[in-house]
Amino acid sequence: MVLTMTGNQSGDIGGPVRLQVGRGPEHDGAVAQNFVLPDVGGVIGRGDDVDVTLSDPRVSRRHCRIGEHGEGWWVEDLGSRSGTWVDSVVLSEGERAPLQLGSLLEVGPWTFVVRGIAAAAVDADSDVLVSPETGEMLLRDIHDSSTSVRNVAWVAFDTRYGGVIRGYARRFGVRGQEEDDIVQEVYLGLHNLRDGVQYNRATGRFRNYLMVATRNAVRTRLRKSAVAVVEDIDALANPAQDALWDHQWAESMLQRALADLQRSMTPAHYDAFERYGRRGEPAAAVAECLGMTPENVRMIKHRSIRMLQKIVASYDIPGH
């Protein structure tokens with residue numbers, strides 16, 4: 001059997017930057033909405049003279065700006081009151097950070113998944129931590145004749161993808177043991193393809209097949225539930241819900257990348273990144289505490305953002 005992948009493919013890249021809504025002020029789930037910026041980028045805020053208007057008091061009138069230079073796209077905080085966050089890193093006023101395909105951009109109560117641009121480049125000589133275990137390899141090991149190999153594949157599957165599946169299921173009210181049951185149903189669904197599995201890279205990525213399998217498992221579980229909401233079951237059939245999966249995938253991969261990043265850095269450097277980059281503590285205070293200069297702390301933050309994005313990009317190479 002050939003697994004045909006569906007979902008967002010290469011057509012997602014090229015053209016203007018699109019901001020896919022993952023979370024907003026009125027809801028916990030994704031909505032069928034994209035904000036499209038001009039070809040050269042633009043300003044996000046709640047004022048009248050911006051390119052993307054977000055009507056919420058937690059968004060500044062001119063909150064942040066997205067633009068492009070020779071090396072790719074970036075976002076700059078324009079002195080916002082609540083801050084601009086890129087892949088869990090907060091920007092200071094006037095500070096710029098790179099954007100890539102799948103980046104999470106937080107503006108006030110909104111979280112966007114960035115679309116329409118290229119992922120960070122990851123080459124063979126890169127020092128990025130790339131796991132040797134791809135989705136393709138897991139599909140193979142799930143069908144191995146050895147019970148021990150299949151058991152190892154199950155643990156790897158749950159470690160890598162369990163968080164995505166559970167998080168997606170929670171968006172539809174699934175809780176507790178049922179989350180684990182859905183993860184197991186998705187895994188067993190792959191295992192029960194008795195005719196064998198041939199991964200077809202030309203038609204998509206493993207994550208897009210996983211989205212369809214998870215959506216079907218959640219739908220089945222909701223139909224069996226006495227308290228399921230009919231509207232939630234119907235919503236699962238709407239292609240617009242792909243945005244919800246994309247957002248959950250981005251969040252889960254970011255958390256995984258942060259753990260990989262921490263393992264690749266010295267404790268002091270990661271502490272500097274965590275305190276200055278993610279908590280927003282003053283650079284001077286962090287530098288004094290860690291025996292560094294403020295410039296070193298800032299440099300660690302900028303290098304860590306780029307490394308973090310390359311790690312995330314490495315998870316979505318063909319076969320992942």
Side-chain angles (χ1 to χ4, degrees), residues 16-38 41-67 73-117 163-164 166-175 229 231-232 235 238 240-255 257-258 274 277-281 305 308-309 312:
V17 175
R18 300 193 309 279
L19 302 177
Q20 182 185 54
V21 177
R23 294 187 190 274
E26 305 294 337
H27 51 81
D28 287 331
V31 296
Q33 182 178 11
N34 281 335
F35 291 100
V36 181
L37 283 90
V43 175
I44 302 171
R46 63 179 174 85
D48 297 328
D49 58 339
V50 297
D51 299 285
V52 172
T53 303
L54 303 178
S55 300
D56 188 278
R58 288 165 286 185
V59 178
S60 298
R61 293 186 180 279
R62 292 175 61 83
H63 197 103
C64 60
R65 177 190 295 114
I66 291 177
W73 290 88
W74 49 261
V75 60
E76 175 187 2
D77 183 83
L78 298 177
S80 65
R81 287 174 296 175
S82 60
T84 302
W85 300 75
V86 181
D87 293 324
S88 81
V89 179
V90 62
L91 304 183
S92 306
E93 180 177 356
E95 184 178 19
R96 291 182 177 183
L99 288 175
Q100 70 163 359
L101 179 68
S103 281
L104 287 172
L105 174 65
E106 298 177 54
V107 179
W110 274 271
T111 302
F112 302 101
V113 181
V114 177
R115 295 296 178 201
I117 61 178
V164 186
R166 291 182 182 92
Y168 181 84
R170 283 194 294 270
R171 302 285 187 93
F172 292 92
V174 177
R175 293 292 184 272
V229 179
E231 289 78 6
D232 284 343
N238 186 344
Q241 291 299 325
D242 290 3
L244 192 154
W245 173 266
D246 288 344
H247 182 235
Q248 188 60 51
W249 179 277
E251 284 190 334
S252 296
M253 294 303 106
L254 179 60
Q255 292 306 309
L258 284 165
E274 177 72 22
R278 303 189 67 222
R279 300 182 198 168
E281 297 180 21
I305 292 174
L308 184 66
Q309 292 182 344
V312 171

Rounded to the nearest 0.5 Å, how far apart are CD of Glu251 and CG of Leu104? 6.0 Å
With side chains defined as the heavy atoms from C-beta onward, is the minimum distance between Trp73 and Val114 less than 4.5 Å? no
Could you tell me the separation between the NE2 atom of His247 and the OG atom of Ser252, rounded to the nearest 0.5 Å? 9.5 Å
When every non-hydrogen atom of Val59 is compared with those of Arg81, the smallest separation belongs to O-NH2, 4.2 Å
All heavy atoms of Asp77 vs all of Gly83, minimum pair found to be OD1-C, 3.9 Å
Output for pair (Asp51 CG, Arg65 CZ), nearest 0.5 Å, gives 10.0 Å
Hey, could you give me the CZ/CD1 distance between Arg96 and Ile305, rounded to the nearest 0.5 Å? 13.5 Å
In this structure, which one of Val50, Leu78, Leu54 forms a side-chain contact (heavy atoms from CB on, under 4.5 Å) with Ile44? Leu54
His63 side-chain N/O to Gly79 backbone N/O, donor-acceptor pair under 3.5 Å: no
Measure across Asp49 and Arg62 and return the closest heavy-atom pair with its distance rounded to 0.1 Å. O-NH1, 3.4 Å
How close do Gly102 and Ala250 get, counting heavy atoms only, and between which atoms? O-CB, 3.8 Å
Quick one, Arg170 with Arg175, criterion side-chain contact (heavy atoms from CB on, under 4.5 Å). Give me CA distance, side-chain angles, the key distance, then yes/no. CA-CA 6 Å; Arg170 283 194 294 270; Arg175 293 292 184 272; 3.4 Å; yes
Answer whether the closest heavy-atom distance between the side chains of Asn34 and Arg115 falls below 4.5 Å. no
Kindly determine whether Val164 and Trp245 satisfy side-chain contact (heavy atoms from CB on, under 4.5 Å), including the steps that lead there. CA-CA 8 Å; Val164 186; Trp245 173 266; 3.6 Å; yes
Has the side chain of Gln309 got a donor or acceptor atom that lies under 3.5 Å from a matching backbone atom of Pro98? yes
So which atom in Arg58 and which in Ser82 form the shortest heavy-atom distance, rounded to 0.1 Å? O-OG, 2.8 Å
Separation between CD (Glu274) and CG (Leu258), nearest 0.5 Å, reads 7.5 Å
For Leu254 against Asp87, the heavy-atom pair lying closest together: CD2-C, 3.7 Å
Has Asp48 got more than 12 heavy atoms of other residues, nucleotides or ligands less than 6.0 Å from its CG? no
Let me confirm one number: the CH2-CG distance from Trp85 to Leu105, rounded to the nearest 0.5 Å. 12.5 Å
Are Leu99 and Val17 packed together at the side-chain level, in the sense that at least one heavy-atom pair is separated by less than 4.5 angstrom? no
Taking the side chain from Arg278 and the backbone from Val90, do they hold a donor-acceptor pair closer than 3.5 Å? no
Please state whether the rings of Trp110 and Phe112 are parallel, tilted or perpendicular, taking 30° and 60° as the class boundaries. parallel
